[in-house]
Student: 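One structure, as structure tokens, below. Some questions next.
Within every chain, numbering begins at 1; the chains are lettered A, B, ... in the order of the sequence lines, protein sequences first and strands thereafter.
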2 protein chains.
Amino acid sequence: MNAPLVSILDDEPEIRAILTEALEEAGFRTQSFSRAREFEAALKRVVPDVCLVDLSLPDTDGLTLVHRLALERGATVIIISGRAQVQDRVTGLELGADDYITKPFDPAEVVARIRARLRSSRSAPQSGQTARFNGWIAHFDRYVLEDESGTETPFSHAEGEVLRLFLDSPKRLISRAQMQDGLGGAAGESFDRAMDVRISRLRTKLREDPKNPRLIKTIYGAGYIFLGDVSWS
Amino acid sequence: MNAPLVSILDDEPEIRAILTEALEEAGFRTQSFSRAREFEAALKRVVPDVCLVDLSLPDTDGLTLVHRLALERGATVIIISGRAQVQDRVTGLELGADDYITKPFDPAEVVARIRARLRSSRSAPQSGQTARFNGWIAHFDRYVLEDESGTETPFSHAEGEVLRLFLDSPKRLISRAQMQDGLGGAAGESFDRAMDVRISRLRTKLREDPKNPRLIKTIYGAGYIFLGDVSWS
DNA sequence: GAACCTTTGTAACAATTCGTAAGGTTTGAG
DNA sequence: CTCAAACCTTACGAATTGTTACAAAGGTTC
């Protein structure tokens, strides 16, 4: 899987440098241009995954460019602009931009917004659907737990909710109330025994030893802790 | 084509009123809630096109809610928050939000950002005439399913509607209500068991193993997921 | 127009999931 | 050590979903 390509179009060298550094740090490939002409020429060879475009360009009307890029070619465009008026932002977005960031900006936010765009445009390989931990692989797209030997055990939606909660904050105490909140609040106000059962069933599927649970540990009077080294992909 | 539905979750009545008015003015249908619990209850029936969520809710951790909504259910989420720090915005976006708007906001910008999200999510599923997936070829022009060996099985209009819905958003949870919406017509409160039968018949034509379906998976209490790598042409 | 076929919804019964109740077991305080 | 509270687990029933059978609706062929 190739790293996503981000094209930067800005006439200020300093901005280009800041963005390039932050983006490559974040694992993107980059390509930067100072003039619209070169930018459009490059576009004929490769269409980048995301275009970062500064509106205040000397040689072209930025808005027209954005419009052509976004609506005609279907590219993902994020405007970066010094103009912060609401009216500017609205027209930018209406013309087809996917996002509008005002200067001065924080590179971290730019990265986060690019990631958000990539996430939504890729419907197939949704990230955050598979987690590995201690020999197990949890496939949340297929609702299946995979063994070290490749054996698969299906788990239900309710069990998946609990598991996801654990995998989202491993090695941290999760109180009962937190869990209740976390699991869609099916509003079992009075009887939270339901949760115990959910956890019990999950433990069975993870083949936990009731006497000596290795992954889901009970903290008497406080909650649960999920031990295990989680890595999402 | 129905007007897009926007769900608003905010505990301040004034904000709800402002947003509702601006959105309906702009031609959206709206639905607003003051508590996460009610919001999630409604979500089990219909998944809105866009969710506007305020983070500072009294009864739930907003970020957890956003995470569940966005990554687990595949909804489009825009955060509206009083916290304007870069760090807040970054974590909000990383957790799966599609956009992050800080208070005070201008309703016009909210509308523009919602439109931008709808634009990008609509262009995603290109509905052509032929789709390939996991050894099958679906010819929607001829209403025929083609086998790996070239054997052809005809499918009906109703079956085709369901299949197209699946092929348009693969590997994502599709709620029962969403399907009902998608299949336009029979929208009435009439017994939706009809849909079960449609899906059952489609499964037979795809030669699914009833004990272990590989393509159309049922998520009890939540909906269906179509697994399979789809490419349209 | 009649006999036939296809499509589709409804009804009925089987299978699955999940919450609740009811015991049993573990934990920690005194 | 004793006991009560917290927690685990099994079993059962209600709700949800799968599948088959049947009938109504619409179209086709002769």
Student: Let me know, please, whether Arg201(B) or Arg201(A) comes out on the 5' side of the other along DNA chain C by nearest nucleotide.
Tutor: Arg201(B)

Student: Any side-chain N or O of Ser156(B) below 4.0 angstrom from OP1/OP2 of dT6(C)?
Tutor: no

Student: Take the protein atom CD of Glu159(B) and the nucleotide atom C1' of dG9(C), then report the distance between them rounded to whole Å.
Tutor: 13 Å

Student: With nearest nucleotides of DNA chain C determined for His157(B) and Val197(A) from heavy-atom distances, which residue corresponds to the more 5′ nucleotide?
Tutor: His157(B)

Student: Nearest whole angstrom, please: distance from the P of dT8(C) to the NZ of Lys205(B).
Tutor: 9 Å

Student: Between P on dT26(C) and CG on Asp209(A), what's the gap in Å once rounded to a whole number?
Tutor: 12 Å

Student: Report yes if a side-chain nitrogen or oxygen of Ser200(B) is closer than 4.0 Å to either non-bridging phosphate oxygen (OP1 or OP2) of dT19(D); otherwise report no.
Tutor: yes

Student: Output the rounded distance in Å from CZ (Arg193(B)) to C1' (dA14(C)).
Tutor: 12 Å

Student: What's the CD-P distance between Glu208(A) and dT9(D), to the nearest Å?
Tutor: 10 Å

Student: Heavy atoms under 4.0 Å, any strand shown: does Tyr224(B) hit a base, just sugar-phosphate, or nothing?
Tutor: sugar-phosphate

Student: Would you tell me if any nitrogen or oxygen in the side chain of Arg203(B) comes within less than 4.0 Å of OP1 or OP2 on dG18(D)?
Tutor: yes

Student: So that I can tick it off, tell me whether Asp49(A) and Arg117(A) are bridged by a salt bridge, with the cut-off set at under 4.0 angstrom between side-chain N and carboxylate O.
Tutor: no

Student: Please name the residue in the list Asp99(B), Ile101(B), Asp98(B), Val50(B) that meets the side chain to side chain contact (heavy atoms under 4.5 Å, CB included) test with Ile114(B).
Tutor: Val50(B)

Student: dA4(D) phosphate, OP1 or OP2: any side-chain N/O from Tyr220(A) under 4.0 angstrom?
Tutor: no

Student: Given atom CZ of Arg198(A) and atom P of dC7(D), what is their separation to the nearest angstrom?
Tutor: 17 Å

Student: Under 4.0 Å between a side-chain N or O of Lys211(A) and OP1 or OP2 of dT26(C)?
Tutor: yes

Student: dA15(C) C1' sits how many Å from Asp196(B) CG, rounded?
Tutor: 13 Å

Student: Tell me which one of Val110(B), Leu9(B), Ile15(B), Val77(B) satisfies side chain to side chain contact (heavy atoms under 4.5 Å, CB included) with Leu52(B).
Tutor: Val110(B)

Student: Using 4.0 Å as the upper bound for N to carboxylate O, is an ion pair formed by Arg176(A) and Asp196(A)?
Tutor: yes

Student: Does a side-chain N or O of Thr204(B) approach OP1 or OP2 of dT19(D) to a distance below 4.0 Å, or not?
Tutor: no

Student: What is the separation between atom CG on Asn212(B) and atom C1' on dT16(C), rounded to the nearest whole Å?
Tutor: 15 Å

Student: Relative to each other, are the rings of Tyr143(B) and Phe155(B) parallel, tilted or perpendicular (30° and 60° limits)?
Tutor: tilted

Student: Considering only side-chain heavy atoms of Ala194(A), which listed nucleotide, dC7(D), dG19(C), dG18(D), is closest?
Tutor: dG19(C)

